[in-house]
Amino acid sequence: MRVIICGASGQLGTELVKTFEGAGQEVLGFDRDLDITDYDRVRERIPELRPDLLINAAADTDLDRAELDPEPSHRVNYTGTQNLALACRATGCPMVFLSTDYVFDGTKGSAYNEFDLPNPQGVYAKCKLAAESYMMSVLEEYFIFRTAWLFGKAGQRNFIKSILYNAKSYGSLSVVVDEVGTPTYAADLAETIYRVCASGKYGLYHATNEGICSRFEFAQRTLEIAGWDDITLKPIIHEELGLPCPRPANTALDNLNLRLQGFPPMRHYHEPLKEYVEWLLEEDGFLDGRFTNAKRSDTDK
Ligand SMILES: NC(=O)c1ccc[n+]([C@@H]2O[C@H](COP(=O)([O-])OP(=O)(O)OC[C@H]3O[C@@H](n4cnc5c(N)ncnc54)[C@H](OP(=O)(O)O)[C@@H]3O)[C@@H](O)[C@H]2O)c1
């Protein structure tokens, strides 16, 4: 099978490349060298490459910037996906799209499954939902995976890196207690995506690791694993951060459709988090100061 992966150097894209290649598939990975917002180029290049599957892991994930300047988010997250969907339709190629827990408004009070009605609050999430609907309207063979709170080895920024960087730099941290979700390890998600795609069971899936927590608990667990028990962790509420993008209160996802279709559950996030933090500290040169790109107020997407 020949697989095109757009956004191949991103946090998830990197793991998708590894997983699909590891499973013996031919992978063609692209980033800005195949700008998904360039309709002419996408429509020319995709049919030439004759893929059996196209995965759109490319995105503009800067939620706060999207509130202040929405057009780049519209262009990449909606129009880029539209361009790829049209090219897939013309080529007869199934397509994978990555969406977000933020399509929900967070008021349900328990985990959201695929039967719950979305009600996105911010620009980024509205683009993602619009892109989902577009794909469903033009393609018969699509896989949509809504995921959340990704952490992975590739990329400069994610919540865990920000927590460790800020803890190391400042010795104390303020983290929100009123944002609840389902952390997801990029490598585990890539494995699930591969499994579902290989099955040919098209549709909409929630796909996150097991386990629900607040950002505060997520940070607490990270510091425990790191063994940094001298760090002061202060609970705050989201409003105190003054960020432009509204964060829904509780967007934990329930992977109901994965269960209904007979796929094995993803493991509890505690397990990959431990592996990941240990990897960051021991192998990734984190403590040598090579990682410098986090911001103090970064609560990530
Ligand atoms: N991260 C999360 O917590 C989270 C949560 C829910 C859903 N998701 C979704 O999961 C997917 C993967 O997220 P991620 O964290 O892996 O994202 P990421 O690390 O930001 O990777 C996105 C990739 O897309 C590339 N890209 C951006 N604009 C492009 C364009 N116009 N043409 C081609 N490539 C472009 C980026 O390149 P540059 O580096 O050059 O910009 C980057 O390599 C995304 O769809 C995201 O919306 C993520």
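Given the structure is predicted, the values throughout are model-derived calculations rather than measurements. Remember, it's 1-based here, ligands and their atoms both numbered in the order they're listed.
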Is it the case that ligand 1 has an N or O less than 3.5 angstrom from some N or O of Asp101?
no

Establish, for the pair Lys161 and Tyr165, whether the NZ or CZ atom is under 6.0 angstrom from the six-membered ring centre and no further than 45 degrees off its axis.
no

Within 4.0 Å of some non-hydrogen atom of Lys128, the atoms of ligand 1 are 44 (C), 45 (O), 46 (C), 47 (O)

Any N or O on Asp60 sitting closer than 3.5 Å to an N or O of ligand 1?
no

Considering the heavy atoms of Trp149, write down every atom of ligand 1 situated less than 4.0 Å from one of them.
3 (O), 5 (C)

Considering only heavy atoms of Asp35, which atoms of ligand 1 have at least one such atom less than 4.0 Å away?
30 (C), 31 (N), 32 (N)

Classify the contact between Tyr124 and ligand 1 as side chain, backbone, both or neither, using a heavy-atom distance cut-off of under 4.0 Å.
side chain

Mind checking whether Arg75 has a heavy atom under 4.0 Å from ligand 1?
no

Quick check: Gly13 and ligand 1, any N/O pair under 3.5 Å apart?
no

Heavy atoms only, cut-off 4.0 Å: how does Ala57 contact ligand 1, side chain, backbone, both, or neither?
backbone

Mind checking whether Thr147 has a heavy atom under 4.0 Å from ligand 1?
yes

Quick one: salt bridge (charged side-chain N to carboxylate O under 4.0 Å, His left out) partners of Asp60, sequence neighbours excluded?
Arg65

If you group Ile, Leu, Val, Met, Phe, Trp and Tyr by side-chain heavy-atom gaps below 4.5 Å, do Phe143 and Met266 land in one group?
yes

Proximal candidate to atom 10 (O) of ligand 1 [heavy atom criterion; set Thr184, Leu253, Leu98]
Leu98

Over-ring placement of Arg215 relative to Phe159, 6.0 Å and 45° cut-offs
yes

Any N/O of Ile36 closer than 3.5 Å to an N/O of ligand 1?
yes

Phe151 and ring-ring contact (aromatic ring centres under 6.0 Å, His included): which single residue from Tyr269, Tyr185, Trp279 fits?
Tyr185

Backbone N/O of Leu253 and side chain of Thr182: donor-acceptor pair under 3.5 Å
yes

Find all atoms of ligand 1 within a distance of less than 4.0 Å from any non-hydrogen atom belonging to Ala59, and give their numbers and elements.
22 (C), 24 (O), 27 (C), 44 (C), 45 (O), 46 (C), 47 (O)

Say whether Asn77 and Ser73, considering side chains only, have a donor N or O and an acceptor N or O under 3.5 Å apart.
yes

Return yes if a side-chain donor-acceptor contact under 3.5 Å exists between Asp64 and Tyr124, otherwise no.
no

Hydrophobic cluster membership, with links at side-chain heavy-atom distances under 4.5 Å among I/L/V/M/F/W/Y: are Tyr134 and Leu129 in one?
no

Is any side-chain heavy atom of Leu223 less than 4.5 Å from a side-chain heavy atom of Asp229?
no

Output the list of atoms in ligand 1 that are nearer than 4.0 Å to some heavy atom of Gly7, sorted by atom number.
23 (C), 24 (O)

Note: Ser99, heavy atoms under 4.0 Å from ligand 1, region reported as backbone

Give the atom numbers and elements of ligand 1 that come within less than 4.0 Å of a heavy atom of Leu12.
12 (C), 16 (O)

My understanding is that only one of Thr147, Asn255, Asp188 makes a side-chain hydrogen bond (donor to acceptor under 3.5 Å, both in side chains) with Asn209; could you say which?
Asp188

For atom 20 (O) of ligand 1, which of Leu34, Thr61, Ile55 has the closest heavy atom?
Thr61

